[in-house]
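A short worksheet on the structure shown next.
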Amino acid sequence: MQNTVTPTHCPYCALQCGMNLTPEQDGSVAVVERPDFPVNRGALCGKGRTAPAVLSSSVRLTTPLVRNAGVLEPATWEEALGRIADALSRTRTEHGPDACGVFGGGGLTNEKAYTLGKFARVVLGTSQIDYNGRFCMSSAAAGGIKAFGLDRGLPFPLEDIPKTGCVILVGSNLAETMPPALRYLTELKANGGKLIVIDPRRTRTAEQADLHLAPRPGTDLALALGLLHLVVAEGRTDEAYIQERTSGWEEARAAAMAHWPELVERITGVSVPQLRETVRLFCEPESAMVLTARGPEQQSKGTDTVGAWINLCLATGRAGRPLSGYGCLTGQGNGQGGREHGQKADQLPGYRKLDDPAARRHVAEVWGVDPDSLPGPGRSAYELLDALGTDIRSLLLMASNPVVSAPRAAHIEERIKSLDFLAVCDVVLSETAALADVVLPVTQWAEETGTMTNLEGRVLLRRRAITPPEDVRSDLEVMHELASRLGVEKGFPTDAEEIFEELRRASAGGPADYSGITYRRLAEENGVFWPCPAEAPEPQQADAGTPAPPASKPLPGTASATAQDGEDAALDLWPDDPASEAEPRAAAAAHPGTPRLFLDRFATPDGRARFVTVTHRPLAEEPDDEYPVLLTTGRVVSQYQSGAQTRRVDELNAAAPSAFVELHPRLAERLGAKEGDPLAVVSRRGRATAPARITTSIRPDTVFMPFHWPGEGRANTLTNPALDPTSRMPEFKACAVRVELAP
Ligand SMILES: Nc1nc2c(c(=O)[nH]1)N[C@H]1C(S)=C(S)[C@@H](COP(=O)(O)OP(=O)(O)OC[C@H]3O[C@@H](n4cnc5c(=O)[nH]c(N)nc54)[C@H](O)[C@@H]3O)O[C@H]1N2
Ligand SMILES: Nc1nc2c(c(=O)[nH]1)N[C@H]1C(S)=C(S)[C@@H](COP(=O)(O)OP(=O)(O)OC[C@H]3O[C@@H](n4cnc5c(=O)[nH]c(N)nc54)[C@H](O)[C@@H]3O)O[C@H]1N2
Ligand code: SF4
Ligand SMILES: [Mo]
């Protein structure tokens, strides 16, 4: 019997807010508060509240579409899948396996991301797979791996934030991008902790800050180095910690010392007294954190910038200690898990490296293939999209809308159009799906089961609450059917839990080890933090921040003793599963998961965190006489990403109907522009137009556009695809433009 209330999670961002769903008489589904989930404690933003609107068949895809004589027309699944399989096999025969590309998304469940990576390597034999997460947190991931030997966005649960002494929030507008998380910052302040926000705009988040620094876009690296200079000059380093827990300090220190406060003031526009005040607020309390988001990361020097912020934490002894550390606020729903299990160009499941022979052997054995048959690393997202129609002839795209979200989007749109064949799996007819030869309609969050890993590294269970429309299938069924048509009958099941069981084995022993996690545990404990190996740790090795609790007690921060709905549903998930009786339930021997990382040692070979030696460098494209203004881009609260989903929700559209150009009154005056006047923003890549929104909250040398819309107001027509040399992240956050009154 189906429970009337199903506890699950929001389909959108990485906070993965808990929500309860109840089916209504008319077949729709209502969102009800779910107070037992600790991350959001019942709170939801407008996107989460209205998410069921996209389940309605009036806005979603309900049947496969195939292109006939240039027009997309309804077709049977047989026909649609047949066309995709034929096209992929023809491409492979005529041009080789690497002419087949695969592009995934950070919104996919762990099971889907895992299967997509396996599909590319085992069924297509292609190295050409990457995903939209490359555009998201890849610089933070690269920076974290360099310094700590491991990339998990937050090394501690969000619940630690209110208890620390100071938070420096760099380029995150979480009041708009993760509204329920704002509460952690207000609680921090209520507890006497200090909040410093670094953003070229005085955002709703910056308004909460004790100190707001508004640097020129793209100068965070210089800013962090200048702060480190002051830390050294003022004798605020933690020498004992540096000695005991780090390596590389001398070189990093020398590099920072070249960044004099006065020089940094000139580069960033942040005054020396503000720099000094930042250092004081950060260094005086016993504990402190630096959290970055897309502002400093989406730069052609994002990896070095993250490294510089981590250096600041290491020099002051603020990493791998209780209530202190560096963290990245990951963005997409499964932005964390989606970067761990193999849809990334250089990666195998469990955050293993594709060029590591031992990793290849391990995963090949789980997959039942010859390690030598696995291709090597492929291209990064932008480079892959840029190769469409040349090296890459056919593309299978799942869960991304690059026509709106990729940098230099007009060029990428042309590349997509020049493909021999494009297949898109989506829930709606996105701008990219509209260009496809075959579009497959897939099931959505509320209609399927699977796991997601939130920004804290907490693995969560997404539960099926309603029955999908008849002619819609899951991404997993799509990959199963395509594998079979391409001659691979085994290894692509359609049941998410069966795939998760394989993922556990594939990830075992890897950096992102999920082998101790089961669906049952996820349901009972309201999530489990990775790494969670199959074996419990020796008592002294247990995560020092969270001693392993007795089996009957929930983990602090992971489970709630009042999880009534969660428990009911957990039992319902396995009503007649005989195996479950035999299986130990969160047994005493089970590993508790790892809410807090690095307290004993970092994940580097010698256990020490590594300073990186970095120095300031300019933007890939600095303003000049022709393009004198800086454009930065980002988000508004009521739209999500490319807007493919949220632009189909009336309430959200009413709140944020179209693109705009945010600019300072001084710049507006120079242009002779009044509020609402249409402005043309022109870069070396193209031209976009949108109405002026005049505000003193932005720097006079900078304009801001949100990137949620296609067409004339598409911000990505303008953006610069200059890539970070390590993370291959494009420079979404700063390029040179000219602004004029549109005729
Ligand atoms: N409403 C909404 N919420 C979302 C999303 C969404 O699309 N809409 N997307 C989700 C995803 S995938 C992500 S990645 C997150 C992103 O979450 P955030 O990183 O919070 O979002 P952004 O608006 O891209 O950028 C944050 C801030 O960076 C500032 N910024 C711009 N340039 C610079 C710079 O050079 N330096 C610094 N320090 N700051 C700069 C911008 O002014 C902006 O306020 O949000 C998630 N949540
Ligand atoms: N200028 C500028 N550009 C940016 C950014 C920026 O700050 N500035 N931010 C970048 C960032 S951080 C990100 S994350 C990207 C995101 O950009 P996109 O990758 O375009 O993200 P979405 O709009 O979320 O696209 C997801 C698509 O997948 C569909 N979908 C949702 N769930 C599923 C599913 O389970 N299966 C399938 N098959 N489809 C599904 C949705 O309907 C939607 O069409 O944009 C990047 N682009
Ligand atoms: S904050 Fe993110 S996860 Fe929470 S309701 Fe809003 S979009 Fe959903
Ligand atoms: Mo993102």
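Counting starts at 1 for both ligands and their atoms, following the listed order. Residue indices begin at 1 and follow the sequence shown.
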Is there a donor-acceptor contact under 3.5 Å from the side chain of Arg685 to the main chain of Asn716?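 Looks like no, no N/O pair under 3.5 Å.
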Name the one of Thr109, Thr443, Thr8 that satisfies side-chain hydrogen bond (donor to acceptor under 3.5 Å, both in side chains) with Glu448?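 Among the candidates, only Thr443 passes.
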Kindly tell me which protein residues have any non-hydrogen atom under 4.0 angstrom away from an atom of ligand 1, grouped by chain and ordered by number?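 Protein residues near ligand 1 are Cys13, Lys47, Cys136, Val170, Gly171, Ser172, Asn173, Glu176, Thr177, Ile198, Asp199, Pro200, Arg201, Thr203, Pro217, Gly218, Asp220, Ala293, Arg294, Gly295, Gln299, Gly331, Gln332, Thr632, Gly634, Arg635, Val636, Val637, Gln639, Tyr640, Gln641, His708, Lys733.
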Using the side chain to side chain contact (heavy atoms under 4.5 Å, CB included) rule, take Gln16 and Val39 through it: C-alpha gap first, then chi angles, then the decisive distance, then the call. CA-CA 8 Å; Gln16 282 298 291; Val39 175; over 6 Å; no
Check step by step if ring-ring contact (aromatic ring centres under 6.0 Å, His included) holds for His9 and Phe37. CA-CA 9 Å; His9 298 273; Phe37 185 63; 4.7 Å; yes
Pair Val637, Thr177 - check side chain to side chain contact (heavy atoms under 4.5 Å, CB included), show working. CA-CA 6 Å; Val637 65; Thr177 53; over 6 Å; no
Take Glu207 and Arg204 through the test salt bridge (Lys or Arg N to Asp or Glu O under 4.0 Å) and record every step on the way to the result. CA-CA 5 Å; Glu207 277 169 10; Arg204 288 189 209 169; over 6 Å; no
Between Phe103 and Phe135, what is the ring plane arrangement, given parallel below 30°, perpendicular above 60°, and tilted in between?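 Taking Phe135 first and then Phe103, their aromatic rings sit tilted (interplane angle of 30° to 60°).
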In terms of ring plane angle, is the pair Phe704 and Phe660 parallel, tilted or perpendicular, where the classes change at 30° and 60°?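 Rings of Phe704 and Phe660: tilted, 30 to 60°.
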What protein N/O/S atoms sit under 2.8 Å from atom 4 (Fe) of ligand 3, by chain and number?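 Result, waters dropped: Cys17 SG.
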Using 4.0 Å as the upper bound for N to carboxylate O, is an ion pair formed by Glu651 and Arg49?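 Here Arg49 pairs with Glu651 in a salt bridge, since their nearest N and O are under 4.0 Å apart.
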